[in-house]
Every structure is written in structure tokens, then in C-alpha cells.
Peer 1: 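What follows is a structure written as C-alpha cells; I'll ask about it next.
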Amino acid sequence: MALLGTLIEPAQAAERPDHSGRGIAQKLRQTMDRLHFEQVLDLAPPTASAQARAMTAQSVDKDATTPQQRAKRFAALASDPQPIVQQPQIDTTVIELDAHGRPVSSGTVLMSPQYPHGIVVPVDGNYHSDAVRWRQWDDAGWYTNHAQGTIDIVPGRENAPLDFMEPYPASVLKLMVVFGVLRLVDQGTVKLDDTYAYQPTSLSSLCGDATSDTIRDYIDASITWSSNAASCALVKLLWDHDAVDGLNQTFQDLGLETMQLKETNPANGGHWSNPVTMTSLDTAKLLMIINGSPGRLWTTPNGTPVTAAALSPSSRRFFKSELFQQGYNDVLSTTSWCGADYPAPGIPQLTASRWIAADGTTTVGGDAYAHDVRPCDLAAQVTYSHKTGLVGNSASDAGIVKALPGRGGRTYIIAMFSNLGDQYQDPNRPPTAPGAHPVAYTEKFAQLGKIIDQFEAARH
């Protein structure tokens, strides 16, 4: 099968924009290399005591602690942060779309201690690659095993030329959950306005107590302000309808072989741990389905054509609307910090009006950003319908970028997973003001988002 890209050593990389995808692939690799992610500081370095490092260990229910709670832990661990000990793990994909939402070209780049300058993943005409041995994330193994995982995500890849331990997806996993619930809606099993009584039979610090709400409202809370409690309710809903194994099989049937919602707890919908896996390429392809387009999007390795009909038009409209209303714009886009000297500006997106107070500031899920976003809205060039994720050793962001009228015409999907959660910070990060929401991610992600958006704008 013809390849859209070939394995290119970093020293041989050249920007040659064309329809094969090498243009965006090499731009992505060069940008990631030039941003020097290896310059971040580790707030809980390996030199910290075993007792101190145990305070940050969280192999299950990883989203149970807040950035504020983790910031207090890190402050107690290391008053003198140390440079990160090796090149971070970063997996990024951009899929360029035409005006109808059809894929045109793509680039996927991996960065790790094995690929310190980044390496382009070869991707075939169906936006698929079997060139990577994907490994499940291992919290301790990233330090002790030179970032080499020991558990395969996709079987049978022992001889693949690339080997990569995929970061935990954090709250971007909620895309899989909502996709599964909307499949139940499409099948007539449930309705969006049905009331679901979430009644956990065992309690979890991640999930909280029993609640009752409509499925629509649970989805809204899960996507727009990343409510863990609402997301646990949706996972338990899937378990209640014996739909988790079916969802995992659906991802396999769609050729999204790295996407798996595994080992969650049917008693409460919690236990979000390393067996929950996603890669940037498969996540971007899932977003292609959600975005929608006429005709075939890709063909699976077993020869099955995949179209946007994997979700009904109404479910896709609802899903996109929820992603557009994302309140946390602080990773690849940073308009939540509009006008600040730090972090750097990212994707120049429009902020959903529901979060904007009379003074222009936003408060999302109780997190107050004391920055007037209205100047950034006036200068906005795109909408960014996306989902972010954050734990101590995971930072992620994935979404659909569309130019506003008269602002360049680009449409693309970008997905990024990394191990640079809020355990890591930039040397130039200013102190967090009392009562303010902390800047939880390195600003290098925002710089990546802005550079890629400018590249896409120039191409259109």
C-alpha cells in the first residue's frame, strides 16, 4: 500500500509541502524539536526520596487529584526543581482536511529518549500505521526503564521498526466514553434526555457519591468542564448496559486499534488507569468521524470502509457542539490566559460565550481565570472544538480547528499526548497568584499550537 510518509531521519528532514503529508509531518517534527521540551523542570525528580516520590504515585484513578492538590504536593517535595532527566514522551498528529471535512494529508511525530529530535511515523493511504510497537504507559518505568514500556497495546508488533510508550490520555479518554454513550443513543437503547440515576455500589475518590441527572447534562459536564463525577456516571451507564466490551470492539472494527477503555470499575465507573489507551493518530481519526464528511474516511486493515455514519448526524452535531463549548483553553490554545505575558499565545481560538462573565473573565468548573478573554475573541481566527487532559505525568489536548469566516479557510485536526503533566514546569513560569488557577502546562504546547496553526493558515 502506498505510504503518505516514509521514515526520515531527523537530520534529513526537509519541508516539502505536498499532498503526501510530508509538508505537515516535517513541519511538525521540526517544530517539536526546536521547542526543546527537554528544558522543562521536574518538580518530583528521581533524586527525591522514595517516600516523597510515593506521594505522587497514582497508578489508578489518576484524575482524582486536582492541579491545586498536586501543586501543594510538589511544593512539599522539591523546593529546588531539577531538569527533566531525559527527553519527554510526546505523540502528536495533525490531519489536514478539505472544505468538506475529508482528509487530505497528515503527519504523526513521536518524541522520546529513543527519538530525541522527533521521528515521523510512516502512515498509509488509510491514515494507519503498523510501524510502531505501541506500549502501555508505565509510571515508574519511564524513569527506571529508559521510557521503554513492557505491555503491548496492539499485539503482533514485536518487529515494528519504532517502539514507543504511549502517555496516559488523562481526561481526553472522555472522548471514548461519550462516543460510546452516543452509540447507545443511536441504537435507541437510551435517550439524551433520559434521567440516569448514578448509584455506585462502591465509592471512589474520583467519582464521588450518587447523583441523578439527564444523560445530556452528564455529557455536557464531562466534555465542557471535564467533570470526573459526570464521566464516572457515563462509564457506569456503559457498564449497566453491558456496552464496554462492545465499545472496545467497535474501536477495533473501525481500525482504531490503540483506543481501549479497559479495566474501569463497573461498580462506580472509576479506576481510570494505564490500560486505558489512546494514540494521537487514532484520536484524530475518531475526531474525523465526529467532524463528519461525505463518503469514505478510510478503510480498515480488514477492508471495511469507515464513514461518518459510525455516529448519526444528530449525535455528531451534539458532540461537536459540546467540544466547541470546552471551557479549559490552556494547552495548545491559551486564550483562558488572554493578555498574559505567560503562558505564550497558542491556537487563536474563539471562546464559548457561556463561560464569559460581564468583566470578560472566565470561570470553569470552579477554576477562575482572572483574564479578560474579549480581546482574544476580537482577534480570534478559528474555532477549536477540543478536549484537554491533565494529571501529574500526563498532558493532552485534541480537537477540530476551523477558520472563522474570512480568516484563512484552514480546517484540520490536531491531537497531542505527552507525559508533561503538572509535575513539570518551565523555568520561567511565574508564581501563581493567591486564589488563581495555576498554569498547569508548559507553554511549549501553546507555542506548538500557534506555529502549526500559522503553517496551516499560510497553506490555505
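Numbering of residues begins at 1 and proceeds along the displayed sequence.
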Peer 1: Fit a plane to each ring of Tyr441 and Phe445, take the angle between them on a 0 to 90° scale, and name the class: parallel (under 30°), tilted (30 to 60°) or perpendicular (over 60°).
Peer 2: perpendicular
Peer 1: Between Gln325 and Ser321 (side chain of the first, backbone of the second, donor and acceptor by atom type, cut-off under 3.5 Å), is there such a pair?
Peer 2: yes
Peer 1: Answer whether the closest heavy-atom distance between the side chains of Glu38 and Pro116 falls below 4.5 Å.
Peer 2: no
Peer 1: Enter the distance from Leu261:CG to Thr250:OG1 here, rounded to the nearest 0.5 Å.
Peer 2: 12.0 Å
Peer 1: With a 4.0 Å cut-off, would you call Arg157 and Glu257 a salt bridge?
Peer 2: yes
Peer 1: Under 3.5 Å, is there a donor-acceptor pair linking the side chains of Ser105 and Glu96?
Peer 2: yes
Peer 1: Give me the one residue out of Val104, Val401, Thr411 that meets side chain to side chain contact (heavy atoms under 4.5 Å, CB included) with Leu97.
Peer 2: Thr411
Peer 1: Taking all non-hydrogen atoms of both residues, which atom of Leu206 and which atom of Gly270 are closest, and how far apart?
Peer 2: CD2-CA, 4.0 Å
Peer 1: Start with the C-alpha gap between Glu456 and Val94, add the side-chain angles, then the distance that decides, and say whether side chain to side chain contact (heavy atoms under 4.5 Å, CB included) holds.
Peer 2: CA-CA 10 Å; Glu456 292 300 319; Val94 175; 4.3 Å; yes
Peer 1: Looking only at heavy atoms, which two atoms of Ala147 and Gln114 are closest? And how far apart?
Peer 2: O-OE1, 4.2 Å
Peer 1: Do Trp272 and Asn228 make a side-chain contact, defined as non-hydrogen atoms from C-beta onward lying under 4.5 Å apart?
Peer 2: yes
Peer 1: Would you find a donor on one side and an acceptor on the other, under 3.5 Å apart, between the side chain of Lys444 and the backbone of Leu35?
Peer 2: yes
Peer 1: Is any side-chain heavy atom of Asp453 less than 4.5 Å from a side-chain heavy atom of Val382?
Peer 2: yes
Peer 1: Could you measure the distance from the CH2 atom of Trp355 to the CD atom of Gln326? Nearest 0.5 Å is fine.
Peer 2: 8.0 Å
Peer 1: Any non-hydrogen side-chain atom of Glu443 less than 4.5 Å from a side-chain atom of Arg429?
Peer 2: no
Peer 1: Which value, rounded to the nearest 0.5 Å, describes the distance between Leu281 atom CG and Ser129 atom OG?
Peer 2: 7.5 Å
Peer 1: For Asp359 and Arg374, work out which heavy atoms get closest and say how close.
Peer 2: O-NH2, 3.1 Å
Peer 1: So, the side chain of Thr361 versus the backbone of Ala370: is there a donor-acceptor pair under 3.5 Å, distance only?
Peer 2: no
Peer 1: Tell me yes or no: between the side chains of Asp91 and Ser280, is some donor less than 3.5 Å from an acceptor?
Peer 2: yes
Peer 1: Name the one of Ile289, Ile223, Leu287 that satisfies side chain to side chain contact (heavy atoms under 4.5 Å, CB included) with Phe319?
Peer 2: Ile223
Peer 1: Go through the steps to decide whether Lys387 and Ser396 satisfy the test side-chain hydrogen bond (donor to acceptor under 3.5 Å, both in side chains), and finish with yes or no.
Peer 2: CA-CA 8 Å; Lys387 183 73 194 76; Ser396 50; over 6 Å; no
Peer 1: Judged by atom type as modelled, is there a donor-acceptor pair below 3.5 Å linking the side chain of Asp124 to the main-chain atoms of His128?
Peer 2: yes
Peer 1: What distance separates Leu254 CG from Leu286 CG, expressed to the nearest 0.5 Å?
Peer 2: 8.0 Å
Peer 1: Does either side chain, that of Thr211 or that of Tyr218, offer a donor lying less than 3.5 Å from an acceptor on the other one?
Peer 2: yes
Peer 1: In terms of relative ring orientation, are Tyr328 and His437 parallel, tilted or perpendicular, with 30° and 60° separating the classes?
Peer 2: tilted
Peer 1: Between Tyr115 (side chain only) and Asp163 (backbone N and O only), is there a donor and an acceptor less than 3.5 Å apart?
Peer 2: yes
Peer 1: Under the criterion side chain to side chain contact (heavy atoms under 4.5 Å, CB included), I'd like the reasoning laid out for Glu322 against Asp220: C-alpha separation, chi angles, the key distance, then a yes or no.
Peer 2: CA-CA 6 Å; Glu322 292 300 304; Asp220 180 76; 2.6 Å; yes
Peer 1: If I compare all heavy atoms of Gln260 with all of Asn248, which pair ends up nearest, and what's the gap?
Peer 2: NE2-O, 3.3 Å
Peer 1: For the residue pair Ile84 and Leu420, establish whether any side-chain heavy-atom pair is separated by less than 4.5 Å.
Peer 2: yes
Peer 1: If I take atom CG from residue Leu41 and atom CG from residue Asn428, how far apart are they, to the nearest 0.5 angstrom?
Peer 2: 9.5 Å
Peer 1: Is it the case that the side chains of Trp239 and Thr264 hold a donor-acceptor pair, with the cut-off being a distance below 3.5 Å and no angle test?
Peer 2: yes
Peer 1: Between Glu166 (side chain) and Trp134 (backbone), is there a donor-acceptor pair under 3.5 Å?
Peer 2: no
Peer 1: Any heavy-atom pair between the side chains of Ser394 and Trp137 that's under 4.5 Å?
Peer 2: no
Peer 1: Taking only Lys NZ, Arg NE, NH1 and NH2, and the carboxylate oxygens of Asp or Glu, determine whether Arg133 and Asp152 approach each other closer than 4.0 Å.
Peer 2: yes
Peer 1: Taking all non-hydrogen atoms of both residues, which atom of Ser231 and which atom of Ser222 are closest, and how far apart?
Peer 2: OG-OG, 2.7 Å
Peer 1: Near Asp341 CG, under 6.0 Å, is it more than 12 heavy atoms from other residues, nucleotides or ligands?
Peer 2: no
Peer 1: Can you confirm whether the side chains of Asn268 and Ser204 place a donor and an acceptor under 3.5 Å from each other?
Peer 2: no
Peer 1: Where the side chain of Asp397 meets the backbone of Val331, is there a donor-acceptor pair that is under 3.5 Å apart?
Peer 2: no
Peer 1: For a quick test of reading the model, state the closest non-hydrogen atom pair linking Pro200 to Lys236 and the distance between them.
Peer 2: CA-CE, 4.1 Å
Peer 1: Donor-acceptor check, side chain of Thr283 to backbone of Thr279, threshold 3.5 angstrom: yes or no?
Peer 2: yes
Peer 1: Is there a donor in the side chain of Thr442 and an acceptor in the side chain of Asp426, or the other way round, less than 3.5 Å apart?
Peer 2: yes
Peer 1: Report the C-alpha distance between Thr334 and Gln447 in whole Å, list the side-chain angles of each, state the deciding distance to 0.1 Å, and finish with yes or no for side chain to side chain contact (heavy atoms under 4.5 Å, CB included).
Peer 2: CA-CA 10 Å; Thr334 50; Gln447 292 166 335; over 6 Å; no
Peer 1: If only side-chain N and O atoms count, and only distance matters, is there a donor-acceptor pair under 3.5 Å linking Tyr143 with Asn393?
Peer 2: no
Peer 1: Are Phe251 and Phe179 close enough that their ring centres sit under 6.0 Å apart?
Peer 2: yes
Peer 1: Do Pro438 and Asp422 come close enough that some side-chain heavy atom pair is under 4.5 Å?
Peer 2: no
Peer 1: Is Cys207 close to Tyr198 at the side-chain level, that is, under 4.5 Å between some pair of heavy atoms?
Peer 2: yes
Peer 1: What's the separation between atom CD in Gln423 and atom CD in Gln425, rounded to the nearest 0.5 Å?
Peer 2: 11.0 Å
Peer 1: Between Lys285 and Leu297, does the side chain to side chain contact (heavy atoms under 4.5 Å, CB included) criterion hold? Intermediate values first, please.
Peer 2: CA-CA 9 Å; Lys285 290 169 72 174; Leu297 294 171; over 6 Å; no
